[in-house]
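Fair warning: this is a prediction, and the values are worked out from it, not measured in the lab.
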Amino acid sequence: MAGLLFIFILLLMGALLQVQEKAEQDEEIVRKYDQIKTQLYIDLQEEFKDDLKVWRAEIDSTLCVRFQEPSMLFDNNQATLKENFKEILNDFYPRYIAILNKPEYRDNIEEIRIEGHTDSNGSYFHNMELSQNRTRAVLQYCMGLMKPEQIDWAKNFITANGLSSSHPILRDGVEDKSLSRRVEFRVRTNAEKQLEVITEKRASNRHE
């Protein structure tokens with residue numbers, strides 16, 4: 001009886017050790033990709049720190065570059081890029097892609113999203129079409145700024161997403177319609193994907 005108990009204890013200790021090792025591996029994966037995301041944010045801030053104010057743009061910790069001056073982007077209810085915005089993209093986009101295409105980042109990019117947002121004026125579906133046309137125009141223009149080898153790489157990751165008025169900018173709970181009319185460039189890294197995989201595995205293990 002004592003021998004069986006000893007074997008059971010050994011098996012239990014082995015199982016617990018495996019669980020601990022797996023948890024440590026998961027934490028190391030999260031730590032690695034979190035460091036990549038943080039360093040990418042730092043590099044973007046450093047690259048564009050002298051331009052953001054001029055462009056009326058900002059970069060936040062979610063790796064979103066937000067252009068938020070509608071008078072510089074498009075005419076009212078139109079999807080043709082204004083010359084001011086073209087000049088900004090001429091400066092911004094090649095440098096942006098150059099950073100994302102660095103060896104330490106390029107294999108960790110899951111998605112590059114160009115998002116178009118409107119305010120709540122007008123119908124939802126009209127604004128959906130307008131925002132989609134605008135973001136498609138931005139994507140088409142940006143593709144024209146890239147080298148052929150960059151285009152081949154970017155096509156695997158880059159998307160154009162019109163989101164209508166579904167994500168307004170709020171100030172004290174009230175929509176700021178000017179800031180809501182914006183274009184955003186977002187990067188989704190493997191950090192999010194790895195976290196999703198780890199979360200799914202843990203949920204699966206709990207149900208076994």
Side-chain angles (χ1 to χ4, degrees), residues 37 40-41 44 47-48 51-52 54-60 62-102 105-170 175-190 192-193:
K37 186 175 179 179
L40 178 53
Y41 170 70
L44 289 171
E47 177 67 28
F48 298 116
D51 304 299
L52 295 174
V54 177
W55 295 342
R56 287 295 309 276
E58 64 180 14
I59 303 174
D60 66 30
T62 67
L63 304 181
C64 172
V65 183
R66 181 176 295 113
F67 295 93
Q68 52 189 4
E69 178 47 70
S71 64
M72 297 173 65
L73 307 180
F74 302 92
D75 285 326
N76 185 47
N77 210 33
Q78 299 297 314
T80 302
L81 277 67
K82 298 184 74 169
E83 291 304 315
N84 279 344
F85 195 27
K86 288 181 181 180
E87 291 177 7
I88 290 172
L89 292 174
N90 290 343
D91 191 7
F92 161 75
Y93 192 72
R95 294 157 61 193
Y96 180 69
I97 285 296
I99 291 175
L100 300 186
N101 207 21
K102 286 182 176 181
Y105 299 133
R106 62 177 292 147
D107 293 332
N108 296 298
I109 300 297
E110 184 70 18
E111 184 182 21
I112 304 168
R113 294 171 58 93
I114 303 176
E115 295 183 353
H117 300 264
T118 71
D119 62 27
S120 60
N121 289 339
S123 73
Y124 175 82
F125 288 106
H126 171 77
N127 287 335
M128 178 63 74
E129 181 180 8
L130 177 62
S131 62
Q132 187 62 54
N133 288 340
R134 285 178 169 179
T135 194
R136 188 184 299 114
V138 174
L139 173 59
Q140 184 175 357
Y141 189 80
C142 287
M143 283 293 197
L145 300 175
M146 298 172 68
K147 300 175 182 178
E149 62 271 19
Q150 291 176 328
I151 293 177
D152 291 339
W153 171 76
K155 280 181 178 178
N156 296 316
F157 307 102
I158 197 163
T159 61
N161 304 270
L163 297 176
S164 188
S165 56
S166 58
H167 296 284
I169 299 295
L170 304 178
E175 179 187 8
D176 186 319
K177 292 189 175 182
S178 179
L179 292 181
S180 292
R181 301 191 296 274
R182 66 198 190 276
V183 171
E184 298 179 348
F185 288 75
R186 291 182 175 272
V187 180
R188 187 170 182 262
T189 69
N190 280 343
E192 288 86 354
K193 184 176 181 179

Starting from the C-alpha separation in whole Å, work towards a yes-or-no answer on ring pair (Phe, Tyr, Trp, His ring centres under 6.0 Å) for F85 and Y141.
CA-CA 10 Å; F85 195 27; Y141 189 80; 8.4 Å; no
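Side-chain contact between Y96 and C142 is absent, with no heavy atoms from C-beta onward closer than 4.5 Å. Between E58 and E184 there is no side-chain heavy-atom pair separated by less than 4.5 Å. Side-chain contact check for E110 versus T189: every heavy-atom pair is 4.5 Å or farther apart. F74 is listed as a side-chain neighbour of V138, based on a closest heavy-atom distance under 4.5 Å. A heavy-atom distance below 4.5 Å is found between the side chains of Y93 and M146. Looking at M143 and I158, their side chains come closer than 4.5 Å, going by heavy atoms from C-beta outward. L89 has its side chain within reach of L81: a pair of non-hydrogen atoms, C-beta onward, lies under 4.5 Å apart. Looking at heavy atoms from C-beta onward, T80 lies out of side-chain contact with D75 at the 4.5 angstrom threshold.
With sequence neighbours left out, T159 forms a side chain to side chain contact (heavy atoms under 4.5 Å, CB included) with E111, R113, N161.
Crowding of N156 atom CG: a count of heavy atoms from other residues, nucleotides or ligands under 6.0 Å exceeding 12. Few gaps surround NZ on K86; more than 12 heavy atoms of other groups in view lie less than 6.0 Å from it.
Judged by distance alone, the side chain of S180 and the main-chain N or O of I169 form a donor-acceptor pair under 3.5 Å. Looking only at distances, no side-chain donor or acceptor of K177 sits under 3.5 Å from a matching main-chain atom of S120. For the pair S165 (side chain) and T118 (backbone), a donor-acceptor distance under 3.5 Å is absent.
Residues E175 and P168 come closest through the heavy atom pair CG-CB, 3.9 Å. Residue N121 comes nearest to D119 through the heavy atom pair N-OD1, 2.9 Å, listed as atom of the first residue, atom of the second, then distance. Shown here for R182 and L73, the closest heavy-atom pair between the two residues is CA-CD1, 4.1 Å.
Using the six-membered ring where Trp is involved, F92 and F48 have ring planes that are tilted, between 30° and 60° apart. A tilted orientation is assigned to the rings of F67 and W55, their planes being inclined by 30° to 60°.
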